[in-house]
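From a predicted model like this one, the values you see are computed outputs, not experimental measurements. Hydrogens, waters and symmetry mates are skipped; everything else that's a heavy atom, side chains included, is used.
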Amino acid sequence: MERKKTDCPALPPGWKKEEVIRKSGLSAGKSDVYYYSPSGKKFRSKPQLSRYLGNAVDLACFDFRTGKMMPGKLQKSKQRLRHDPLSLAKGGKPDLNTTLPIRQTASIFKQPVTKVTSHPGNKVKTDSQRAADQPKQLFWERRLRGLHSLDVTEQVLRSMDLPRGLQGVAPDISNDTLLSSIASALHTTSAPITGQTSVAAEKNPALWLNTCQPLCKAFTVTDEHIREQELKVYQARRSLEEALTADTLARAAENTQAVLEGRTA
């Protein structure tokens, strides 16, 4: 890889920008951008940079790729969000971090249209139902493969362990991909989560997969399962309550001891 490290005037003095150009593989010719603090700490993304700098530098219009402040880019982003029909329909700002990727299609028309040859004058009418439904891409969860959540110290967070009853329905689906699929289904829909109820989806998911349900076989949540989860929540809350009470008593004892020592002195 070819590395180029330069100063970054948009950041405080001492910050360096490094551009690494890939030499081999399918992505040969593309580049990755990193930033280094004066102490040598490496940053791979804009969120990491924002958490580290805090309120010291306003990175709202900072372009991570070029390393420059671009106020016009921020203004265009605000205008796009203001006229976003999805945002207006929900009555608020869209959650850009949890928006699922969809397949983008190009067309000469603003909306899907159907030309009816039997209609007098061959007029064109719109299909309102088709225009309202957005296409959903199959197996979009694969885009998240290899990505991991990091804490403020850049340590990888351990993923959740799923019950054995949840089994994936798709070629080469991992537990992390299955977890992403279930989490996104719980976040984006208010309908019950039942999994893939069609048996045919196990034989050929590309044809019989229900895109409104996560990539797992059908499962049933019984009253016993609910009671087990309620018991776990109760035990966790009880442990937390006992820990907070013990901490309060310990602090009170320390304060009392400090007061007594002060009087004795």
Side-chain angles (χ1 to χ4, degrees), residues 1-88 90 92-106 134 137 139-160 172 174-177 179-181 183-184 187-188:
M1 294 185 178
E2 182 181 351
R3 300 175 180 270
K4 299 179 181 179
K5 186 176 292 188
T6 57
D7 294 332
C8 184
L11 298 178
W15 282 81
K16 299 288 185 179
K17 172 192 171 187
E18 183 184 40
E19 185 175 1
V20 181
I21 301 177
R22 304 173 186 175
K23 291 291 186 178
S24 60
L26 298 177
S27 59
K30 294 184 179 181
S31 62
D32 299 319
V33 177
Y34 307 103
Y35 289 87
Y36 293 87
S37 67
S39 60
K41 187 176 179 60
K42 185 177 181 179
F43 298 89
R44 297 177 173 83
S45 64
K46 186 176 179 180
Q48 291 182 354
L49 203 60
S50 300
R51 287 194 299 267
Y52 183 81
L53 293 174
N55 298 328
V57 180
D58 185 9
L59 299 180
C61 55
F62 178 74
D63 185 70
F64 192 83
R65 171 62 59 176
T66 61
K68 300 179 180 179
M69 294 293 183
M70 304 179 65
K73 182 178 180 180
L74 179 62
Q75 187 66 21
K76 291 181 180 179
S77 177
K78 290 183 178 179
Q79 293 178 357
R80 183 172 64 254
L81 292 177
R82 189 180 299 114
H83 299 288
D84 186 5
L86 179 61
S87 174
L88 298 177
K90 290 185 177 180
K93 297 181 179 179
D95 190 353
L96 300 181
N97 294 328
T98 55
T99 302
L100 304 182
I102 62 174
R103 177 171 297 169
Q104 303 292 336
T105 57
Q134 293 185 347
Q137 189 176 20
F139 313 131
W140 64 266
E141 294 86 350
R142 292 183 177 179
R143 297 186 180 186
L144 304 179
R145 181 180 299 176
L147 301 180
H148 302 283
S149 301
L150 304 177
D151 57 12
V152 293
T153 60
E154 297 187 7
Q155 297 295 326
V156 178
L157 298 177
R158 188 176 65 88
S159 60
M160 183 184 302
D172 300 331
S174 61
N175 290 337
D176 293 339
T177 305
L179 178 59
S180 302
S181 178
S184 62
H187 175 76
T188 58

message: Before you tell me yes or no, could you show the steps for Y52 and Y35 under ring-ring contact (aromatic ring centres under 6.0 Å, His included), namely the whole-Å CA-CA distance, both residues' side-chain angles and the distance that decides it to 0.1 Å?
response: CA-CA 12 Å; Y52 183 81; Y35 289 87; over 10 Å; no
message: One pair to check against salt bridge (Lys or Arg N to Asp or Glu O under 4.0 Å): K17 and D7. What are the steps and the verdict?
response: CA-CA 6 Å; K17 172 192 171 187; D7 294 332; over 6 Å; no
- prompt: So E141 and S180, side-chain hydrogen bond (donor to acceptor under 3.5 Å, both in side chains) or not? Walk me through it.
  reply: CA-CA 7 Å; E141 294 86 350; S180 302; over 6 Å; no
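Counting only heavy atoms from C-beta outward, the side chains of D63 and K68 never approach each other to under 4.5 Å. Within the 4.5 Å cutoff, the side chain of F139 has no heavy atoms near those of the T177 side chain. No side-chain heavy atom of L157 sits under 4.5 Å from any side-chain heavy atom of L150. Between W15 and L53, some side-chain heavy-atom pair lies under the 4.5 Å cut-off. The shortest distance between side-chain heavy atoms of V57 and F62 does not fall below 4.5 Å.
In this structure, P13 and P38 approach most closely via the heavy-atom pair O-CG, 3.7 Å. Shortest non-hydrogen contact noted between M69 and L59 is CE-CD2, 4.2 Å. Nearest heavy atoms, E154 versus K42: OE2-O, 3.5 Å. Smallest separation of non-hydrogen atoms from K46 and A60: NZ-O, 3.8 Å. Here the closest non-hydrogen pair linking Y36 and E18 is OH-OE1, 2.7 Å. In terms of heavy atoms, G67 sits closest to C8 at O-SG, 3.5 Å.
Taking OG1 of T66 as the reference point, atom CD of E19 lies at 10.5 Å (rounded to 0.5 Å).
With no hydrogens or angles considered, a side-chain donor-acceptor pair links D151 and T153 at under 3.5 Å.
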